[in-house]
K.L.:
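Below is the structure I would like to discuss, written out as structure tokens.
No hydrogens, no waters, no symmetry mates; every other heavy atom, side chains included, goes into these values.
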Amino acid sequence: MKLCRYGPKGAEKPGLIDAEGVLRDLSVVIGDINAKALSPEGLKALADVDHFTLPRAPAAARLGCPIAFVPKIVCVGLNYADHARESGNPIPTEPVLFMKATSSIVGANDDVVIPRGSVKTDWEVELGVVIGQRASYVEEAQALDYVAGYCVVNDVSEREYQIERGGQWDKGKGCDTFAPIGPWLVTRDEAGDPQDLAMWLDVNGKRFQTGSTQTMIFGVAHLVHYISQFMTLMPGDVISTGTPPGVGLGQKPPLYLKPGDVMTLGIQGLGQQRQTTKAWSRD
């Protein structure tokens, strides 16, 4: 299934993309795409619904984050060897973890705001893993059982804040609008092998990132297992699993986003995003 949330910001309704690509209203069945809906029992109940009997939603409706409440975003840095090299970092021997503020979450096609004074705002297409049930000290062999589905994440990053301002990476990762998620959540049964998904990102129509989850250093099952050793993963949590090479930081010379730029990105079977960047203002 492809689950989504559509409508104006703050007033999204649960939705579903049927087998013919039509957006359907799920609010007649569930209240929202929440912990209950993401559980194995909740997903089975939604799968059993005759999707073609659901009301059609407006085809041009805005798509918000497909998860109603995201308790936390756990990110994995330098999880592609070639991206680690272009960033000037050694290849990690264990996953590098950092957090991204949930206040940075926006819909897949919402604008991205370049922070006040920023000159090094960058892009990163990433596979997002959505947790479906509470996971603590899980074994790697069972780790995927805790996954509800997958989505596209743009881990927008401010490199000066991240690298040059001291401390940890979080300050360059959690700015408002820096986590476009969606357009939908594809359930685990439909997404297929998470370690065999092509991914790409363009800026202003030029291809910068071309990669595949095949080249992750640490795969999804290992990441769920590993992170659960340090914190309890909750339903609705998103793990952003790292980016392939081609980010602005890695260009020669480096290239960063400016107001009016357009990012388009996608992952095989998980949909596409499109964001226009705009300058920060108090509005």
Side-chain angles (χ1 to χ4, degrees), residues 1-18 21-39 42-43 46 49 51 54-75 100-114 123-132 148-156 173-187 190-191 201 234-240 262-267 269-278 283:
M1 292 181 292
K2 294 182 175 70
L3 303 176
C4 63
R5 298 173 67 249
Y6 70 93
K9 292 181 182 179
E12 293 92 345
K13 299 171 67 175
L16 177 148
I17 308 297
D18 71 21
V22 175
L23 175 58
R24 301 280 181 172
D25 182 4
L26 260 182
S27 65
V28 296
V29 178
I30 58 172
D32 216 332
I33 310 296
N34 53 22
K36 182 178 179 180
L38 293 173
S39 69
L43 292 177
L46 290 177
V49 172
H51 299 164
L54 297 171
R56 286 177 175 246
R62 168 188 171 270
L63 294 176
C65 174
I67 308 138
F69 175 64
V70 179
K72 55 185 174 290
I73 307 172
V74 185
C75 299
K100 202 170 178 81
T102 56
S103 56
S104 67
I105 294 173
V106 290
N109 303 314
D110 290 343
D111 290 339
V112 165
V113 177
I114 296 177
W123 57 83
E124 294 189 9
V125 59
E126 304 201 1
L127 173 68
V129 179
V130 182
I131 299 299
Y150 304 95
C151 58
V152 182
V153 177
N154 188 353
D155 177 20
V156 185
K173 295 288 190 171
C175 303
D176 292 350
T177 75
F178 270 26
I181 297 176
W184 42 69
L185 180 160
V186 180
T187 52
E190 183 171 325
L201 182 145
M234 302 299 292
D237 280 350
V238 175
I239 302 172
S240 199
V262 177
M263 293 177 282
T264 51
L265 56 147
I267 297 178
L270 305 185
Q272 300 184 17
Q273 300 185 353
R274 183 183 189 277
Q275 300 107 29
T276 300
T277 58
K278 69 178 186 178
D283 298 337

K.L.:
Give a yes or no on whether the backbone of N34 and the side-chain of D32 come within a donor-acceptor separation of less than 3.5 Å.
P.N.:
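It does not hold such a pair.
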K.L.:
Main chain of L63, side chain of E12: is a donor-acceptor contact present, judged purely on distance under 3.5 Å?
P.N.:
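No.
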K.L.:
Within the distance-only criterion (no hydrogens, no angle test), does the side chain of Q275 pair as donor or acceptor with the backbone N or O of A108 below 3.5 angstrom?
P.N.:
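Yes, the answer is positive, given that a donor and an acceptor are paired below the 3.5 Å cut-off.
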K.L.:
Looking at side-chain heavy atoms only, is the closest gap between K173 and D155 below 4.5 Å?
P.N.:
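Touching, per the 4.5 Å side-chain cut-off.
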K.L.:
I'd like to know if the side chain of E126 and the backbone of V153 have a donor-acceptor N/O pair within less than 3.5 Å.
P.N.:
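Not at all, since once roles are kept as given, no pair shorter than 3.5 Å links the two residues.
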K.L.:
Got Y6 and D25 here, is their nearest side-chain heavy-atom distance under 4.5 Å?
P.N.:
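Yes. Closest side-chain heavy atoms under 4.5 Å.
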K.L.:
How many angstroms lie between atom CD1 of I105 and atom CD1 of I67, to the nearest 0.5 angstrom?
P.N.:
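The distance works out to 7.0 Å.
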K.L.:
Do V262 and R274 have side-chain heavy atoms sitting under 4.5 Å apart?
P.N.:
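Yes - at least one pair of side-chain heavy atoms lies under 4.5 Å apart.
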K.L.:
Would you say N154's side chain and E124's backbone share a donor-acceptor pair under 3.5 angstrom?
P.N.:
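Indeed, once roles are kept as given, a pair shorter than 3.5 Å links the two residues.
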K.L.:
Just how far is it from atom CG of L201 to atom OG1 of T264, taken to the nearest 0.5 Å?
P.N.:
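Going from the CG atom of L201 to the OG1 atom of T264 covers 6.5 Å.
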K.L.:
With a 3.5 Å distance limit and no angle check, can you tell me whether K100 reaches the backbone of F178 through a side-chain donor-acceptor pair?
P.N.:
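A pair under 3.5 Å: yes.
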K.L.:
For the CD1 atom of I33 and the CH2 atom of W184, what is their distance to the nearest 0.5 Å?
P.N.:
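Going from CD1 on I33 over to CH2 on W184, the span is 14.0 Å.
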K.L.:
At what distance, to the nearest 0.5 angstrom, does CG of D176 lie from CD1 of I114?
P.N.:
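Rounded to the nearest 0.5 Å, the CG-CD1 separation comes out at 14.0 Å.
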K.L.:
Below 4.5 Å, heavy atoms only, C-beta onward: do D237 and V74 meet side chain to side chain?
P.N.:
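D237 vs V74: side chains apart.
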K.L.:
What's the shortest heavy-atom distance between P66 and C4, and which atoms?
P.N.:
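Taking P66 first and C4 second, the nearest heavy atoms are CB-CA, 4.1 Å.
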K.L.:
Are the side chain of T177 and the backbone of V113 linked by a donor-acceptor contact shorter than 3.5 Å?
P.N.:
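Yes: the side chain of T177 pairs with the backbone of V113.
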K.L.:
Return the CD1 to CD1 distance between I181 and I73, rounded to the nearest 0.5 Å.
P.N.:
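Spacing of CD1 (I181) from CD1 (I73) equals 4.5 Å.
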K.L.:
Closest approach of S27 and K13, non-hydrogen atoms and distance?
P.N.:
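The answer is OG-CE, 3.4 Å.
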K.L.:
Flag the pair L270 / C151 as yes when at least one side-chain heavy-atom distance between them is below 4.5 Å, and no otherwise.
P.N.:
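In short, these two side chains do not touch, never coming nearer than 4.5 Å.
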K.L.:
Does V130 form a side-chain contact (heavy atoms from CB on, under 4.5 Å) with Y150? I'd like the steps, not just the answer.
P.N.:
CA-CA 6 Å; V130 182; Y150 304 95; over 6 Å; no
K.L.:
Between the side chain of R62 and the main-chain N/O of G7, is any donor-acceptor distance below 3.5 Å?
P.N.:
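Pair found, side chain donor or acceptor close to backbone of G7.
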K.L.:
Are the side chains of P180 and D110 in touch, meaning some heavy atoms are under 4.5 Å apart?
P.N.:
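Side-chain contact under 4.5 Å: no.
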K.L.:
Counting only N and O atoms by type, is there a donor-acceptor contact under 3.5 Å from the side chain of R24 to the main-chain atoms of L16?
P.N.:
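No, the answer is negative, given that no donor and acceptor are paired below the 3.5 Å cut-off.
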K.L.:
So V125 and I267, do their side chains get closer than 4.5 Å, heavy atoms only?
P.N.:
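With C-beta onward as the side chain, the pair touches.
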K.L.:
Can Q273 and M263 be said to form a side-chain contact (heavy atoms from CB on, under 4.5 Å), step by step?
P.N.:
CA-CA 8 Å; Q273 300 185 353; M263 293 177 282; over 6 Å; no
K.L.:
State, with a plain yes or no, whether a side-chain heavy atom of L26 is found less than 4.5 Å away from one of V49.
P.N.:
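Contact flag for L26/V49 side chains = no.
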K.L.:
With rounding to the nearest 0.5 Å, note down the distance linking NE2 in H51 to CD1 in I17.
P.N.:
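The distance works out to 11.5 Å.
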K.L.:
Which atoms form the tightest heavy-atom contact between P71 and M234, and what is the distance?
P.N.:
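So the minimum-distance heavy-atom pair works out to CG-CB, 4.2 Å.
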